[in-house]
Structure formats: structure tokens, C-alpha cells
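Written out below as C-alpha cells is the structure these notes cover.
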Amino acid sequence: MKQKNKFKTISGMFTILALVGVLAGCGTSSSTTTETAKPVETTKSADPTKAPAKGVTIKVASSAGWTKDIDKKLAEQFKTETGNTIEFVISPDDQYTNVLKAKFATGEGPDVYLTSSGVAMNEYLPDQHALDLSNEPWVTRYKDWAKAGTTRNGKVIALNTWSVDGWGLLYNTALFEQAGVQVPTNYQEFLKVCEMLTAKGITPIYEPGKAEWHQEIWLNTFGPMIAKKTPGIYEQFNTNKAKFADQKDLELALTQMKEVADKGYFGKDFLSQTWENSVDAMGSGKYAMMLTYSTYQNEVIAKFPNSKADTWKMFPVPLNDNKSWATSSGGIVRSINKDSKVIDAAKAYFNFLVKADNLKVYYAGRPDLGPTSFKDVEGKSTLAYSTVMANAKDGAGLDFEGGVQFFNQSTIGKAVQDLYLGGKTPKQVLESIDADRAKMFK
């Protein structure tokens, strides 16, 4: 797909960011460890003529899935150039939020910490912990969506080197042709597609049911549909004036998710399947579809060059006849703890990461990312991206994670897993989301 068209579309998406009020939402070194209220201050950017002290260790807190090999490679390069060490403090994906909050509560917060962008940053109390980075020179190079997704109360409080993307059903075009099926436009057509694929001995969907966070993603994709039907609903959620349990469309979507699972369209024992095995699963040609992001096909083609994954396409999740594509507020971002004792070194680390040459190396090492967050570094796009936009007849919109506070992956994921096991009804899943969010508002 032509890059200019992609950026044109993305520009439109971030008009949506403004409408829903989304103005807010770490490298490895030679050492990696695992661990199971002040206002944001305006600070001056680091003096480029004054080098930070050497021999400093910068602790970077990250969820396990957010730190990649390229982060470690760049951290080693940073150490070579500056003499300062990046120590990643890695927590399991389902424990990261609680671990980071506990560290902040005891005054032992890391120097740098990763969070989701957009309103999701609020969960970590940025007014108390995040350093104002508005005056850093790299902010002027930000694309609009990157700046919007890292801003709170008019101040940039995070560095984004990820990209904007969304989640849809990526499908193996060859397997669709083999089964004689077309892209479904509603739920009944979707069931028919799954039925015909199954009849051909093809498992319709690879679902990593063991990954709690991925179970939440299904529900997350219905944000734009709900926002379109009820204008202002995100603001109501964010002021605790609306309840998820009252959203009949979400209850129906969850009911249909359970039906898809019960019909065997996720395959046998899908609750034991992992995200880490998904590339092998999709590359094997045994599965026709997977709920994933639009650059995922790059990861498959890299490992399975003969899979023709670069020809795969994508469509929005059609549960409850949804025709909208849900996009993020910009993925994962890095913030500096304003109580860190090595702020100058942390700023130098950020300045290192945003050098154009380093960004090119970073994005080359991240085939899962598409459009870059900086104007002066070219990104990449996929066939999945262009086709999901074409198939999204109701357009693109901000997902729940990017626009709604306290939409917790782990809590929701566990509830959806319980739904599959028969322990919760769809209504009870939504009630559990409300109960968890109520605690956060308190």
C-alpha cells in the first residue's frame, strides 16, 4: 500500500483522538532482572554541551512482552558510547501493573518505566510520577498522533518509538480460496466461513487462549462500534457515568465469542495455546485466521519465507456485525520518573534512542511496527493494513484501551477465560469490568 495513503488515514484517526479527549496516555544492558503526589514539573531539556555522569545505571521497568531484542542491542550500544548501563527490570505481563504500582508506592520507582499510551497512562498516576518532557528537542519531530498519545494536561510526558496500529482478523488468502469463502461482512457470514473452513480440515482461527491479555483484545476491538452508536460514551466511561454491563452490544459480542469457541472454531485445547507459538502456528498453514495487528504478517514471512504471508489480508472482527476497525493511541511509551536520581542520564538515553540512525535500526528490528512516530524516519505498511481499512465500512476509531481509563487487560482477560470455561456469563464478564474500574476510580 502506498505510504502516503496510510499516513493520510492515520491523520484522520487522530482527529478521533482529539474528539475523545485523549491527550494523555525502556533498553537492556548487561544486566536484566525480573520482579514478581506531586504535580508534573516543567523541566528544561538536557544541556547538549554537558555530558551526564558516566558509570550510571538506569533502571527501566518493562512488561515482558514490551522489551525486544533490538532494545537490548541498542542498550548495549548506548553503554558503549556513554559508559552508562541500562538495567531492564522485567515483570511478567500479568504482573507488571501491580509490581510497578507497588514500587511507586514504596518510593522505589524505576528511573524509566513503560506504559501503554493514551489514557492508559493515567493508571500510573503521571501527575505524581512522570517527568515533563515538553521541552526536549525531539518533541518537535513527533508526528501529531505520537504527540497526542503521549500528552497529559498539555504536557508531553513520554517518548513513543512505537507506531499506531489496530487489531483485526488476519487471514491466509490461499486457505480462503481453498475453502471457497469470501471475507465475511457480518456475524452469520463469519460463522459460515468458519464452518466451510472446518469442512476442509482447516482450523478457522488460531487463538492463544492461555494469554490473558489476548482475550481482552477481542472485546477491545468493539470500542469504535460502541462510540459510533453512542456519541460521548468514552467520556461517560472516563467519568464513571456509564457502565459496561449496560452495553447490550458488548454482551451480544461476548455471547458470540463463546459460541465461536464452543463450535470448535478456535480448535481443540485453545486455552492452552500461547501467543509465543502463534507465528509457528500461522506459518504452518493449519490455521486460516488470527486476531492480530496489521504488521504481524511481516513476522510470519520472516520465519516462513515460503508461507506467502505477505499476501495475507485482514478484516475487522465481525461479531455483532461490527464493521469498524479499532486502532491504538500509539502502542507502548517510555516515561522518566521525576523522582529518579539519574534524570540527566535518562534524558541522554532518550536522546540516544531518537537519533535518526538509531531509529532506523530500531524499526528495522521491529517488523511488528508500521508507521513511525517521527516525521523524519520512514515507516512501513502491509497489505493487511490497506485491506482492513478497505473492509472497515464504518471506518477506523480509537479502541477501548486508548480511550477508556482502567480497561485492564489482565482483569478482563481472566474474566473472558472464565466465560469460555462456563464460570461466567457475558453479563457477568461486563459486571466484573465495572467492579474493577470502580476500585480504580476510588
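Here the structure is a predicted model, which means the values were calculated and not measured.
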For the side chain of Asn358 and the backbone of Val354, is there at least one donor-acceptor N/O pair under 3.5 Å apart? no

Using the rule given for side-chain hydrogen bond (donor to acceptor under 3.5 Å, both in side chains), can you reason through Ser134 versus Asp132, listing the C-alpha separation, both sets of side-chain angles and the distance that settles it, and then say yes or no? CA-CA 6 Å; Ser134 301; Asp132 180 10; 2.6 Å; yes

Please work out which of the three classes, parallel, tilted or perpendicular, describes the rings of Trp218 and His214, given edges at 30° and 60°. perpendicular

salt_bridge(Arg334, Asp71) N-O dist < 4.0 Å: yes

How far apart are the closest heavy atoms of Arg366 and Lys380, and which atoms are they? O-NZ, 3.3 Å

Measure from the side-chain N and O atoms of Ser117 to the backbone N and O of Ser329, and report whether any donor-acceptor pair falls under 3.5 Å. yes

Taking it one step at a time, do Ser62 and Tyr96 satisfy side-chain hydrogen bond (donor to acceptor under 3.5 Å, both in side chains)? CA-CA 7 Å; Ser62 173; Tyr96 177 68; over 6 Å; no

Do Ser294 and Asp165 meet the criterion of a side-chain donor-acceptor pair at a distance under 3.5 Å? yes

Donor-acceptor pair between Glu251 and Gln247 side chains, under 3.5 angstrom: no

If only side-chain N and O atoms count, and only distance matters, is there a donor-acceptor pair under 3.5 Å linking Gln215 with Glu207? yes

Compute the ring centroids of Phe315 and Trp167, then answer whether they are less than 6.0 Å apart. no

Does either side chain, that of Ser63 or that of Asp93, offer a donor lying less than 3.5 Å from an acceptor on the other one? yes

Pairwise distance CG(Leu291) to CE(Met314) - rounded to 0.5 angstrom: 8.0 Å

Value for CH2 (Trp162) from OG1 (Thr372), rounded to nearest 0.5 Å, stands at 15.0 Å

Within 6.0 angstrom of Lys210 NZ, more than 12 heavy atoms from elsewhere: no

Minimum heavy-atom separation for Leu169 and Pro318, please, with both atom names. CD1-CD, 3.7 Å

Kindly indicate whether the side chain of Thr161, heavy atoms from C-beta on, has any atom under 4.5 Å from the side chain of Leu359. yes

Should Arg141 and Asp376 count as an ion pair when the cut-off is N to O under 4.0 Å? yes

With a 4.0 Å cut-off, would you call Asp394 and Lys323 a salt bridge? no

Which word best sums up how the rings of Tyr420 and Phe266 line up, parallel for under 30°, tilted for 30 to 60°, or perpendicular for over 60°? perpendicular

NZ-CG distance between Lys248 and Leu430, expressed to the nearest 0.5 angstrom: 9.5 Å

Could you tell me how the ring of Phe104 sits relative to the ring of Tyr113: parallel (under 30°), tilted (30 to 60°) or perpendicular (over 60°)? perpendicular

In sequence, state the C-alpha distance, the side-chain angles, and the governing distance for Gln417 and Glu212, and then conclude on side chain to side chain contact (heavy atoms under 4.5 Å, CB included). CA-CA 7 Å; Gln417 287 174 331; Glu212 292 173 357; 3.5 Å; yes

Students often mix this up, so state it plainly: with edges at 30° and 60°, are the rings of Trp325 and Tyr385 parallel, tilted or perpendicular? perpendicular

If we only count heavy atoms from C-beta on, is the Pro316 to Thr221 side-chain gap below 4.5 Å? no

Check: Asp368 main-chain N/O paired with Asn298 side-chain donor or acceptor under 3.5 Å: no

For the residue pair Phe244 and Phe400, categorise the inter-ring angle as parallel (less than 30°), tilted (30 to 60°) or perpendicular (more than 60°). perpendicular

For the residue pair Phe237 and Tyr234, categorise the inter-ring angle as parallel (less than 30°), tilted (30 to 60°) or perpendicular (more than 60°). tilted

Residue pair Tyr293, Ser163: steps toward the side-chain hydrogen bond (donor to acceptor under 3.5 Å, both in side chains) verdict: CA-CA 11 Å; Tyr293 38 83; Ser163 67; over 6 Å; no

Between Ile336 and the options Asp111, Leu133, Ile157, the side-chain contact (heavy atoms from CB on, under 4.5 Å) test singles out Leu133

Asn337 side chain to Pro110 backbone, donor-acceptor under 3.5 Å: yes

Is Asp280 salt-bridged to Lys303, going by a charged N under 4.0 Å from an acidic O? yes

Can you tell me how far OG1 of Thr292 sits from CD1 of Ile217, rounded to the nearest 0.5 angstrom? 9.5 Å

Backbone N/O of Glu378 and side chain of Lys360: donor-acceptor pair under 3.5 Å: no

List the steps and the verdict of side chain to side chain contact (heavy atoms under 4.5 Å, CB included) for Ser328 and Asp399. CA-CA 6 Å; Ser328 72; Asp399 61 21; 4.2 Å; yes

Pair Met289, Leu170 - check side chain to side chain contact (heavy atoms under 4.5 Å, CB included), show working. CA-CA 5 Å; Met289 294 176 278; Leu170 180 69; over 6 Å; no

CG of Asn322 to NZ of Lys393, rounded to nearest 0.5 Å, is 13.5 Å

Salt-bridge present (Lys101, Glu123; N to O < 4.0 Å): yes

Verify, without hydrogens or angle tests, whether Thr327 (side chain) and Gly166 (backbone) share a donor-acceptor contact under 3.5 angstrom. no

Is it the case that atom NZ in Lys427 sees more than 12 heavy atoms from other parts of the structure closer than 6.0 Å? yes

Taking atom OG of Ser116 and atom CG of Asn122, what is their separation to the nearest 0.5 Å? 11.5 Å

Examine distances only and state if a side-chain atom of Asp321 and a backbone atom of Tyr187 form a donor-acceptor pair shorter than 3.5 Å. yes

Taking 4.0 angstrom as the limit, do Lys355 and Asp357 come out as a salt bridge? no

Donor-acceptor side-chain pairing of Tyr124 and Thr97 below 3.5 angstrom: yes

Looking only at side chains, do Tyr296 and Ser278 share a donor and an acceptor under 3.5 Å apart? yes

Does any N or O in the side chain of Asn238 come within less than 3.5 Å of the main-chain N or O of Gly403, such that one atom is a donor and the other an acceptor? yes

Do Asn84 and Thr57 come within less than 4.5 Å of each other through their side chains, counting heavy atoms only? no

Quick one: do Asn160 and Thr150 satisfy side-chain hydrogen bond (donor to acceptor under 3.5 Å, both in side chains)? Show the steps, please. CA-CA 7 Å; Asn160 186 328; Thr150 56; over 6 Å; no

Could you tell me whether the side chain of Phe352 reaches within less than 4.5 Å of the side chain of Thr82, counting heavy atoms only? no

Would you say the side-chain atoms of Tyr171 pair up with the backbone N or O of Val183, donor to acceptor, closer than 3.5 Å? no

Test Lys424 against Lys414 for side chain to side chain contact (heavy atoms under 4.5 Å, CB included), laying out the working first. CA-CA 10 Å; Lys424 275 186 171 61; Lys414 289 177 181 177; over 6 Å; no

Between Glu87 (side chain only) and Lys59 (backbone N and O only), is there a donor and an acceptor less than 3.5 Å apart? no

